[in-house]
Peer 1: 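Dropping a structure here in C-alpha cells format, bear with me for questions.
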Amino acid sequence: MRVNGKAAAPGADTSGDGYLPEHGNGGYRVRHYDLDLDYRIGPNRLSATAVLTCEATQALSRLTLDFGEFRVSRVLVEGKPAKYVRRGLKLQVKPARSLPAGTEFQVEIRYAGNPQPVRSRWGDIGWDELTDGALVASQPVGAPSWFPCNDHPADKASYRLAVATASPYLVAATGNLVSRYQSASTTKWVFERPEPTSTYLMSVQIGRYEDLELSDGAWVPERTADRPAGIVQRAAVPPRLRRAFERDFGRQGRMMEALEEWFGPYPFGEYVVVVTDDDLDDPIEAQGMAIFGANHVDGRRTHERLVVHELAHQWFGNSLTVADWQHIWLNEGFATYTEWLWSEVSGGESAEALARAWYERMRAKPADVTIGDPGVARMFDERVYKRGGLTLHALRGEMGDPAFFALVKAWAVENRHAAVTTEQFVSLAESYAGRPLGEFFAAWLERVALPPL
C-alpha cells in the first residue's frame, strides 16, 4: 500500500541500540502516554488502559510495542479496531489503514493480568510485589512489565498516570500529584509528568507509608498550605523507620543546594524519596524520584553517599538521558563523582583523597573494560561507576576548577531533558578547555589500561 505516494511498510521491531536492540522499535516516536491503572494488591491484579499519542516517522503499515504478558482485550488506532498479535514481549499492531509519515496518531490498548518483572541478565526487573505493596524498578528494560511502550531511553515522552488502589495504601509515582479521589474503599491518585521522560524512569510505588515533606530542614507530615518557596521535597516512609530516616536524610536539603550550585537548577518540579518496608539490593532512580530499601536506613547516615548519588541522577541519567546504553558512564560517572564532591563539602574526605583511594582499588582489578563502551554484560560493572568518577576528577585536574565546573553546569543546563552521547560531552569539554582533548578521553574511556591520575 502507498500513502501519499510513499510505500507503507512495517516499523522495525528492534531499536538499533548497540546493547539492547530487542527493546525499542522503529517507524514512530511516542509523544505522550496516558496510563489508567487499577491495581489490587492481594491478588497482584492489574487492569489498565493505555493511550499512546505517537508520530509516524515513516509511512507505517504496522507498528510494534514492547509489552509484557498481559491479556489484551482491545486495541484501537485512531479510534478504530486494529488487528494485533503477540510475539514474545512484542505486541504488533496493524491499523485498519496505513499511517502517513509525519502524522500524529493514537493507539489505545486495554489489558489486564498479573504484572511480572521482565527477566534479564541482571535479574528480574520491573513491576514487583513487596511484602505489603508493590514497587517498580525498571532500569534498563523493565517498563514493559506494566505498560505497552517504545522501550528505548532516547524515546522520551510526557505522561499522565492514574493509579487506583485500596485506600489504606499510599501511592507515589513519577510525576506531580494533581488530584486524589476517594471512593468507598478505593483511592485514585493522578500524576502528571510534563517533562520528556524515558520509559525506564517511570515508576509506581505502593505501600503503607507516611507522607512527609522537607520544610526548614526538618521532615514534617505532608503540608497542603504555607508550602515554602523552592523545590518540593517529599518522602514516603514506613512509620517504623521515620526517626532513622529523619537523620539519614536530614542533610538532603543541603545536598540539593550544593548540586544546584554545581549543576544548575533542579530539573523537575519536585523530588520524592520512597523507602520500602522491604530490603533492596540497591537504591533505584526514577524521574523526580529515588527508591531505597529499609536496609539503607539505619539512623547513622551509613548510606549517605547513596542519598546524594541518587539525587545526582536527577540531572545525570534522568534529565540528561543516554541516547544509547553504550554511554552509561555518563550517568554513573557523574553520580559517583558527586558522592566525592559532597563528601568534601560536608566535612568528609576530600574528592582528591577519595579519587586516589579508588584509583588504587581500580588499579588492582583486571584491566579488561573500556568504560566508554563496556559491553552489555558490564554496563553496571563497578569500574564503569568508579572509573567514570575518576575520569571526571582527572578532567578537573586537566582543565582547572573554574573551567571544569563551568563545563559540568553547561552540560546539565544546555542538554536539559535531552538524550546525550559521549561525543557531545567531549566536544563541549574541548570548547571549555580551549584545546583538543581527544588523547585525554581516549586514554580514560577507550583503553583498558588505567592512565596515570
Side-chain angles (χ1 to χ4, degrees), residues 33 35-41 46 48 115 126-139 142-143 145-147 159-182 186-195 197 199-215 219-224 227 231-242 245-246 248-249 252 256 266 268-278 280 283-294 296-297 307 310-311 313-314 318:
Y33 291 87
L35 308 176
D36 202 328
L37 314 180
D38 188 300
Y39 182 63
R40 298 181 183 180
I41 295 168
L46 181 65
W127 188 292
D128 208 352
E129 294 179 88
L130 294 171
T131 302
D132 189 16
L135 91 165
V136 172
S138 289
Q139 189 182 26
S145 68
W146 61 289
F147 69 101
Y159 288 76
R160 175 191 171 275
L161 171 61
V163 183
T165 196
S167 293
Y169 292 83
L170 182 145
V171 174
T174 41
N176 306 311
L177 179 63
V178 295
S179 61
R180 183 169 55 194
Y181 309 99
Q182 186 166 352
T186 299
T187 299
K188 185 173 186 177
W189 308 66
V190 182
F191 303 85
E192 290 182 354
R193 178 87 276 160
E195 303 87 358
T197 302
T199 50
Y200 84 90
L201 292 170
M202 288 301 295
S203 187
V204 175
Q205 310 294 320
I206 302 173
R208 296 180 187 266
Y209 299 131
E210 186 173 1
D211 199 348
L212 304 176
E213 187 169 309
L214 186 63
S215 178
W219 290 98
V220 299
E222 180 189 17
R223 292 187 171 193
T224 56
R227 175 167 277 164
I231 302 155
V232 175
Q233 299 181 61
R234 295 176 42 244
V237 182
R240 70 180 180 90
L241 295 174
R242 177 176 171 179
F245 171 85
E246 288 173 347
D248 289 350
F249 288 76
Q252 183 178 287
M256 184 70 78
Y266 178 73
F268 306 108
E270 67 176 23
Y271 182 55
V272 179
V273 171
V274 178
V275 178
T276 70
D277 215 357
D278 293 23
L280 300 178
I284 304 152
E285 73 262 20
Q287 196 90 319
M289 175 183 283
I291 303 98
F292 297 80
H296 299 126
V297 176
V307 177
E310 298 308 317
L311 179 56
H313 272 313
Q314 301 307 319
N318 300 3

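A quick note: this is a predicted structure, and the numbers were derived from the prediction, not measured.
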Peer 1: Apply the side chain to side chain contact (heavy atoms under 4.5 Å, CB included) test between Leu135 and each candidate in Ile206, Val204, Ile284; give the one that qualifies.
Peer 2: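 For Leu135, the side chain to side chain contact (heavy atoms under 4.5 Å, CB included) check succeeds only for Ile284.
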Peer 1: To the nearest 0.5 Å, what is the distance between CG (Asp38) and OG1 (Thr165)?
Peer 2: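 Taking CG in Asp38 and OG1 in Thr165, the distance rounds to 7.5 Å.
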Peer 1: Is it true that a side-chain atom of Asp132 and a backbone atom of Gly207 form a donor plus acceptor pair closer than 3.5 Å?
Peer 2: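 No, because the side chain of Asp132 does not come within donor-acceptor range (under 3.5 Å) of the backbone of Gly207.
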Peer 1: Give, for atom CD of Gln252 and atom CG of Leu311, the distance between the pair rounded to the nearest 0.5 Å.
Peer 2: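 Going from CD on Gln252 over to CG on Leu311, the span is 6.0 Å.
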Peer 1: For the side chain of Trp219 and the backbone of Phe249, is there at least one donor-acceptor N/O pair under 3.5 Å apart?
Peer 2: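 It does hold such a pair.
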Peer 1: Evaluate side-chain contact (heavy atoms from CB on, under 4.5 Å) for Asn176 paired with Glu270, printing each intermediate quantity in order.
Peer 2: CA-CA 7 Å; Asn176 306 311; Glu270 67 176 23; 3.8 Å; yes
Peer 1: Distance alone, cut at 3.5 Å: any donor-acceptor contact between the side chains of Ser203 and Thr174?
Peer 2: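 The answer is no; no qualifying pair exists.
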Peer 1: Shortest non-hydrogen contact from Thr276 to Leu241?
Peer 2: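 Shortest heavy-atom separation between Thr276 and Leu241 comes out as O-CD1, 4.3 Å.
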Peer 1: How far apart are the C-alpha atoms of Arg234 and Asp211, what are their side-chain angles, what is the distance that settles it, and do they pass the side-chain contact (heavy atoms from CB on, under 4.5 Å) test?
Peer 2: CA-CA 7 Å; Arg234 295 176 42 244; Asp211 199 348; 3.2 Å; yes
Peer 1: How close do Leu170 and Ala236 get, counting heavy atoms only, and between which atoms?
Peer 2: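 For Leu170 and Ala236, the tightest heavy-atom pair comes out as CD2-CB, 3.8 Å.
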Peer 1: Return the minimal non-hydrogen interatomic distance between Lys188 and Ala162, and the atom names on each side.
Peer 2: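 For Lys188 and Ala162, the tightest heavy-atom pair comes out as CE-CB, 3.6 Å.
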Peer 1: Any chance you could measure Phe147, atom CZ, to Met202, atom CE, to the nearest 0.5 Å?
Peer 2: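 That separation rounds to 6.5 Å.
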Peer 1: Go through it in stages, so that I can follow the logic: the residues are Arg208 and Tyr169, the test is side chain to side chain donor-acceptor pair (under 3.5 Å), and I'd like the CA-CA distance, side-chain angles, deciding distance and then a yes or no.
Peer 2: CA-CA 5 Å; Arg208 296 180 187 266; Tyr169 292 83; 3.0 Å; yes
Peer 1: Distance check, rounded to the nearest 0.5 Å: Leu214 atom CG versus Ile231 atom CD1?
Peer 2: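 One finds 10.5 Å between CG of Leu214 and CD1 of Ile231.
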Peer 1: My understanding is that only residues two or more places apart in sequence, or in another chain, count here; which of them pass ring pair (Phe, Tyr, Trp, His ring centres under 6.0 Å) with Tyr266?
Peer 2: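 By the ring pair (Phe, Tyr, Trp, His ring centres under 6.0 Å) rule, Tyr266 matches Phe268, Trp315.
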Peer 1: Mind checking the CD1-CG spacing from Ile291 to Leu280? Nearest 0.5 Å is all I need.
Peer 2: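 Reported to 0.5 Å precision, the distance equals 8.5 Å.
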Peer 1: With side chains defined as the heavy atoms from C-beta onward, is the minimum distance between Val190 and Tyr181 less than 4.5 Å?
Peer 2: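 The answer is yes; the side chains approach within 4.5 Å.
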Peer 1: Any side-chain to backbone donor/acceptor pair from Gln233 onto Val272? Under 3.5 Å, distance only.
Peer 2: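 No: the side chain of Gln233 does not pair with the backbone of Val272.
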Peer 1: Do the side chain of Gln314 and the main chain of Met289 share a donor and acceptor less than 3.5 angstrom apart?
Peer 2: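 The answer is yes, because a donor-acceptor pair under 3.5 Å joins these two groups.
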Peer 1: Is Ser138 reaching over with its side chain to a backbone N or O of Gly126, donor-acceptor style, under 3.5 angstrom?
Peer 2: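 No; zero donor-acceptor contacts below 3.5 Å.
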Peer 1: Any side-chain heavy-atom pair from Arg180 and Thr187 closer than 4.5 angstrom?
Peer 2: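 Yes, side chains in contact.
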Peer 1: Under the side-chain hydrogen bond (donor to acceptor under 3.5 Å, both in side chains) rule, collect the residues that match up with Tyr159, sequence neighbours excluded.
Peer 2: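 Not a single residue meets the side-chain hydrogen bond (donor to acceptor under 3.5 Å, both in side chains) criterion with Tyr159.
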Peer 1: Sequence neighbours excluded, which residues qualify as side chain to side chain contact (heavy atoms under 4.5 Å, CB included) partners of Ala290?
Peer 2: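 Result, side chain to side chain contact (heavy atoms under 4.5 Å, CB included) vs Ala290: Tyr271, Phe292, Glu310.
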Peer 1: Look only at the side chain of Arg242 and the backbone of Leu212, and say whether a donor-acceptor pair between them is shorter than 3.5 Å.
Peer 2: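 Not confirmed, Arg242 side chain does not pair with Leu212 backbone.
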Peer 1: Could you list the residues that satisfy side chain to side chain contact (heavy atoms under 4.5 Å, CB included) with Pro239, not counting sequence neighbours?
Peer 2: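 Residues passing side chain to side chain contact (heavy atoms under 4.5 Å, CB included) with Pro239: Glu210.
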Peer 1: Would the Tyr39 and Trp146 ring centres measure less than 6.0 Å apart?
Peer 2: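 Distance test on ring centres: not under 6.0 Å, no.
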Peer 1: Hey, could you give me the OH/CD distance between Tyr200 and Gln287, rounded to the nearest 0.5 Å?
Peer 2: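 CD of Gln287 is found 8.5 Å from OH of Tyr200.
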Peer 1: Of all residues at least two apart in sequence or in a different chain, which pass the ring pair (Phe, Tyr, Trp, His ring centres under 6.0 Å) check with Tyr209?
Peer 2: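 Scan of Tyr209 (ring pair (Phe, Tyr, Trp, His ring centres under 6.0 Å), adjacent residues dropped) gives none.
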Peer 1: Got a sec, which residues hit salt bridge (charged side-chain N to carboxylate O under 4.0 Å, His left out) with Asp277, two or more places apart in sequence or on another chain?
Peer 2: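 Counting only residues at least two positions away or on another chain, Asp277 forms a salt bridge (charged side-chain N to carboxylate O under 4.0 Å, His left out) with Arg240.
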